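Working notes, beginning with the structure itself.
Small disclaimer: the values here were computed from a predicted structure and weren't measured. Every chain is numbered from 1, with letters handed out A, B, ... down the list of sequences.
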Amino acid sequence: MRSNKVLTNKFFDRPTLTVAESMLGKYLVRRQGRTNRAYMITEVEAYDGPKDKASHASHGRTPRAEIMFGEPGRLFVYLTYGMHWMLNVVTGPEDYPAAVLIRGVKGISGPGRVSRGLHVDKALNGVKASIHSGLWFEDRGHPVSKSKIKRTPRMGVGYAGKYWAGRKYRFVLAEE
DNA sequence: ACGATGATGAAC
DNA sequence: TTCATCATCGTA
């Protein structure tokens, strides 16, 4: 019998690109009232290190980016364009700023829509992804074949310059 | 194609 | 304190 395994620090304390790719097919679980809803992750982006010009951490340890330098497995939630919350998970070792942006789950495309649909906002910034906090990640044993994964450049990061905007740090899982 | 909408970081 | 910018989305 298959168990739903909650992903912990160990899963997130690996290279960001590795974490990003392996998050496809995993589940984002959100407690909404008395019930838990699980959403299969279908699209993510990696933000990797202090040199990554597309990353908020490229400006150093600013108040907003500070969480990216912290413990892996914590949530990083920030507002963009004055209205959309972006949901990220911190990855890699402490003091190395990196995170994975959840861009889509099955049935919901776009990071802003994911946050709106799952009621994610500033209240979750900096909290550990765990059952206790009401938002966590699970491995439910869903098989993911490599052939269903596409890598592309990240969305909306043209400001980062040719090199960083061109990196294929976006991972998409083809839906059935 | 474009405006909404407000926090953020950097400049002054 | 002011200013440009923005890991997007809905409407047209």
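One atom, CE of M83(A), and another, P of dA7(C), lie 13 Å apart when rounded to the nearest Å. Regarding K53(A), its NZ atom lies at a distance of 17 Å from the C1' atom of dC6(C), rounded to whole Å. Whole-Å rounding puts the Y78(A) OH to dA7(C) C1' distance at 4 Å. In this structure, the NE2 atom of H56(A) is 5 Å from the P atom of dA7(C), given to the nearest Å. Rounded to an integer number of Å, the gap from CZ of R103(A) to C1' of dC9(C) is 11 Å. Rounded to an integer number of Å, the gap from D48(A) CG to dA7(C) C1' is 15 Å. The CH2-C1' distance, from W164(A) to dC6(C), rounds to 20 Å in whole Å. For the pair F76(A) CZ and dA7(B) C1', the computed distance is 12 Å after rounding to whole Å.
Toward the 5′ end of DNA chain C lies the nearest nucleotide of V157(A), the other residue of the pair V157(A) and R113(A) mapping further downstream.
Relative to the side chain of M86(A), the nucleotides dC6(C), dG10(C), dT8(C) differ in distance, and dT8(C) lies closest. In this structure, of dT5(B), dA10(B), dA7(C), it is dA10(B) that holds the atom nearest to the side chain of H59(A). For L101(A), counting side-chain heavy atoms from C-beta on, the closest listed nucleotide (dC9(C), dA7(C), dG6(B)) is dA7(C). For P63(A), the side-chain atoms get nearest to dG9(B) when compared with the rest of dC6(C), dC9(C), dG9(B). Comparing dC9(C), dG9(B), dA7(C) against the side chain of T62(A) picks out dG9(B) as the nearest.
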Practice task
Could you give me the CA-CA distance, side-chain angles and deciding distance for S22(A) and R14(A), then say whether side chain to side chain donor-acceptor pair (under 3.5 Å) is met?
Solution key: CA-CA 11 Å; S22(A) 59; R14(A) 294 181 295 158; 2.9 Å; yes

Problem - salt bridge (charged side-chain N to carboxylate O under 4.0 Å, His left out) between R170(A) and E43(A), worked out - result: CA-CA 7 Å; R170(A) 173 171 173 255; E43(A) 182 182 351; 2.8 Å; yes

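Between Y47(A) and dA7(C), a base-stacking contact is recorded: ring centres under 5.5 Å apart, planes less than 30° from parallel.
Close to dT8(B), at under 4.0 Å from its OP1 or OP2, lies a side-chain N or O of K122(A). Considering only side-chain N and O atoms, Y159(A) lies under 4.0 angstrom from the phosphate OP1 or OP2 of dA7(C). For R64(A), a side-chain nitrogen or oxygen approaches OP1 or OP2 of dG9(B) to under 4.0 Å.
For the pair R74(A) and F76(A), the NZ or CZ position fails the cation-pi test of under 6.0 Å to the six-membered ring centre and within 45 degrees of the ring normal.
When both distances must be under 3.5 Å, the Watson-Crick or G-U wobble mate of dA7(C) does not exist. Under the Watson-Crick or G-U wobble criterion, with both distances below 3.5 Å, dT5(B) is left unpaired in every strand shown.
Across all strands, R116(A) comes closer than 4.0 Å only to sugar-phosphate atoms, never to a base (heavy-atom distances).
Side chain of T62(A) to backbone of H59(A): no donor-acceptor contact under 3.5 angstrom is found.
Other residues, nucleotides and ligands contribute at most 12 non-hydrogen atoms within 6.0 Å of the CZ atom of R37(A).
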